[in-house]
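Heads up: the structure comes next, in structure tokens.
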There are 2 protein chains.
Amino acid sequence: MGRIVQKFGGSSVEDAESIKRVARRIARTRGAGNDVIIVISAMGDTTDELMDLALKVSPRPKSRELDMLLTTGERQSAALLAMALSDLGVEAVSYTGSQAGVLTTPTHGNARIIDITPGRVEKALDEGMVAIVAGFQGVSQTTKDVTTLGRGASDTTAVALAASLGADYCEIYSDVDGVYTADPRIVPSARHIEQIGYDDMMELAASGAKILHLRCVEYARRENVPVHVRSSFSDKPGTWLRNQDEIDKDPTMEEAIISGIAHDRGEAKITVVGVPDKVGEAARIFKTVADQDLNIDMIVQNISRLSDTKTDISFTLPSGDGAKAIAALDAVKAEIGFDELLYDDQIGKVSVVGVGMRSHPGVSATFFESLATAGVNIQMISTSEIRISVIVGLHDVEAAVRSAHTAFGLDADETATVYAGTGR
Amino acid sequence: MGRIVQKFGGSSVEDAESIKRVARRIARTRGAGNDVIIVISAMGDTTDELMDLALKVSPRPKSRELDMLLTTGERQSAALLAMALSDLGVEAVSYTGSQAGVLTTPTHGNARIIDITPGRVEKALDEGMVAIVAGFQGVSQTTKDVTTLGRGASDTTAVALAASLGADYCEIYSDVDGVYTADPRIVPSARHIEQIGYDDMMELAASGAKILHLRCVEYARRENVPVHVRSSFSDKPGTWLRNQDEIDKDPTMEEAIISGIAHDRGEAKITVVGVPDKVGEAARIFKTVADQDLNIDMIVQNISRLSDTKTDISFTLPSGDGAKAIAALDAVKAEIGFDELLYDDQIGKVSVVGVGMRSHPGVSATFFESLATAGVNIQMISTSEIRISVIVGLHDVEAAVRSAHTAFGLDADETATVYAGTGR
């Protein structure tokens, strides 16, 4: 008998019928003798609808009150699921994030989990009940106000609960059956990934892959919680997210150098043209942007031109933050002394991810060759130990992803032997 | 500067526009320098919609979970109202019943307020904020589960909060502008009541008048909280509910013997025919019904027939409980030895209410004469110190109410002098 946390997303609990279907699935898991803890999102588009309602009342809703409003969605689905389970003869009880002991920072709308003290949940499990926790929410450890954890954070709640309750693993249910080597909508030949390590998943998530939120993967890695990402609409196995060492020890797993190709169409590029090439100028540019509370992704400083003492600096950031950054830099133009600002949101980021590249030289060569083959121009390059990212034109993203996917032998009709010997 | 509790019902906060309108009204009250506490119901038909959703998921929803679900309605409107007030420059904060310290019995769906410990509300008021409390809910003092207080209980919450916070008075807003001498839909000439005592209001509420819930009036009487019942759609004064002695001292108030005529179409009459006329039989009949947790209203035991040793006993109860009572009595038919059971739900109760009847003889005569004038047959009679009730045929209710209303000089085109001299 194990202890399992299962998280169901909004699309899995769209309406009353879906809730009953999810209840039947949970009943089976419980019937097998497991302790079961459920984390549940709001039904369908409830959160968006509540947000719309808030905006009808107030153009800039107060964040504390917005959290009080938005958290009702998860609370409703949790209560409904408990009712459905009771009808199936499975004792169940629902809890808000606060009642379940999810303690957070006080930042409304984007709180982080500090700790989980799941006393009431443990007690319910001891009494043989299924414990259902409303996702996306907690309570501020200091102010005692209800908080929401930022989008995609029900996954994080589930993993955090799994960690604090000593669960054997955590299952994340959605309408997709796991992680693929690339977005199947762009690469029809993308493969379903059976097992992937935390580090690779983190890089994929940071590079644009939408399956699991970065924060969730970080938490899973830190607490060493195995996560099974799967579909609530089928019984096919999903993708197991676990410790890389365990995957490496698994003799059935092929040695894959590259886990997958991620893409991100949500960034914009800002180029500060003609920055005086002296000490401290770059720092002032980035401090100006940081003071706006904006996160910068990739940075490239052009090699200085021999002919003068100026250089260009380019960086990328979420396009939603573009206007704010431009405004902030405009304001210090005279002070810093650069010539002009260029803004381009018709860009995309394509990333190749895999812990295997640490030990296999030639990966960047293979990547850049595949881009050249597809006629794709590289605007910026950025690398980490296990990831290579390039910025290309937005219109080139799909071709780039497909070309790289093929070049790394990830296409589904290829065999495993292609992996070995591919160098970095 | 005073301290005022205002309660707004569902029809007053139908949608985003209504919420903003209510916010403007509250802003005016706060702008006058008052401490303001708001109790708010769910928007429009939200509670009914949530109930429908629950029934789609489960035919008999677990009561604990139903409370977790239903309470989200008030929580949403409270948060939205706080947002709207903030936009008007009025600092406001919302609280669930639990956060506001509304401690209750553990009975889900029909909890009673045991105590209110409004520490967080007091603190918000001290900080100059408007405190908004989600109505209809509290938290069980023993189980710590969220509870709902039974229909119409947001009014009770408002009065209870007014009492515990030492408010000057409590305003109950709805879509009607107060209490009338009879239901204006039946008696177009019904008068608007300016002031009414707790006792009269309690009898009117117990007799079918739908303006304020009985529990709310009981609470107001016990704690001596003045209550102003008015419309959120106009600025006309409503009806003031206060201590009868204060009304009597008010020289501007006419001496009204009768406050009003109430009617109730929700009861059914059960007659146990041929009950052996010996000691203990009546007790056994009512114990049988009481054991089903059913409340009985009026009871009449017929005068024994000289010719034999049997009698008939009739009683009324909410028609929804009729089937249960009949089944329970059927089961003990042989044991008690009565002849048969008769069931009639085509009845209505009409009640004349007024503390004045204590000191004015002739009220029952006037009442019964008015019924005779209208050709209405009286089936059962029941009286208290300040109320006379009759059971009539359902089809006779409207005529009975109108006739009595006229007989007691309550019609709006009559002058005050008609009251004096009307006897009991």
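Here is how names work: the chains are called A, B, and so on, in the same order as the sequence lines, proteins then strands, and each is numbered from 1. Just so it is clear, the values below take in all heavy atoms, side chains as well, and ignore hydrogens, waters and symmetry mates.
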Subject >> Which atoms of A:Ala134 approach chain B - backbone, side chain, both or neither, heavy atom under 4.5 Å >> reply: neither

**OP:** Examine whether an atom of A:Glu17 lies under 4.5 Å from a heavy atom of chain B, and if so say whether it belongs to the side chain, the backbone or both; otherwise answer neither.
**Re:** neither

Original post:
Measuring heavy-atom distances to chain A, does B:Leu50 have an atom under 4.5 Å in its side chain, in its backbone, in both, or in neither?
Top reply: side chain

**OP:** Against chain A, work out which of B:Thr72, B:Asp67, B:Leu69, B:Val93 has the most heavy-atom pairs shorter than 4.5 Å and name it.
**Re:** B:Thr72

**OP:** Dump the intermediate steps for side-chain contact (heavy atoms from CB on, under 4.5 Å) on B:Met68 and A:Thr96, then the final yes or no.
**Re:** CA-CA 9 Å; B:Met68 285 289 274; A:Thr96 58; 4.1 Å; yes

Original post:
Could you state the interatomic distance from NZ (B:Lys144) to CZ (A:Arg120), rounded to the nearest 0.5 Å?
Top reply: 9.0 Å

Original post:
Is it the backbone or the side chain of B:Ile19 that comes under 4.5 Å from a heavy atom of chain A, or both, or neither?
Top reply: side chain

**OP:** Might you point out which heavy atoms bring A:Val57 and B:Leu80 nearest each other, and give the distance in Å?
**Re:** CG1-O, 3.4 Å

Subject >> Among A:Leu53, A:Thr71, A:Asp87, residue most engaged with chain B (heavy-atom pairs, under 4.5 Å) >> reply: A:Asp87

Subject >> Neighbour count >12 (heavy atoms, 6.0 Å) for atom CZ, A:Arg112 >> reply: no

Original post:
For B:Ala23, is it the side chain, the backbone, both, or neither that has a heavy atom closer than 4.5 Å to a heavy atom of chain A?
Top reply: neither

**OP:** Would you mind reporting whether B:Arg75 and A:Arg75 have side-chain heavy atoms less than 4.5 Å apart?
**Re:** yes

**OP:** Below 4.5 Å from any heavy atom of chain A, which atoms of B:Lys56 appear? Answer side chain, backbone, both or neither.
**Re:** both

Original post:
Considering only heavy atoms, which portion of A:Glu74 lies under 4.5 Å from any heavy atom of chain B: side chain, backbone, both, or neither?
Top reply: neither

Original post:
Quick one: what part of A:Ile132 sits under 4.5 Å from any heavy atom of chain B, side chain, backbone, both or neither?
Top reply: neither

Original post:
Is chain B contacted by the side chain of A:Lys20, its backbone, both, or neither, given a heavy-atom distance below 4.5 Å?
Top reply: side chain

Original post:
Which bit of A:Arg60 is near chain B, if near means a heavy-atom gap under 4.5 Å: side chain, backbone, both or neither?
Top reply: backbone

Original post:
Are B:Leu81 and A:Glu65 side-chain neighbours, meaning at least one heavy-atom pair lies under 4.5 Å?
Top reply: no

Subject >> 4.5 Å side-chain heavy-atom contact, B:Arg64 and A:Met83 >> reply: no

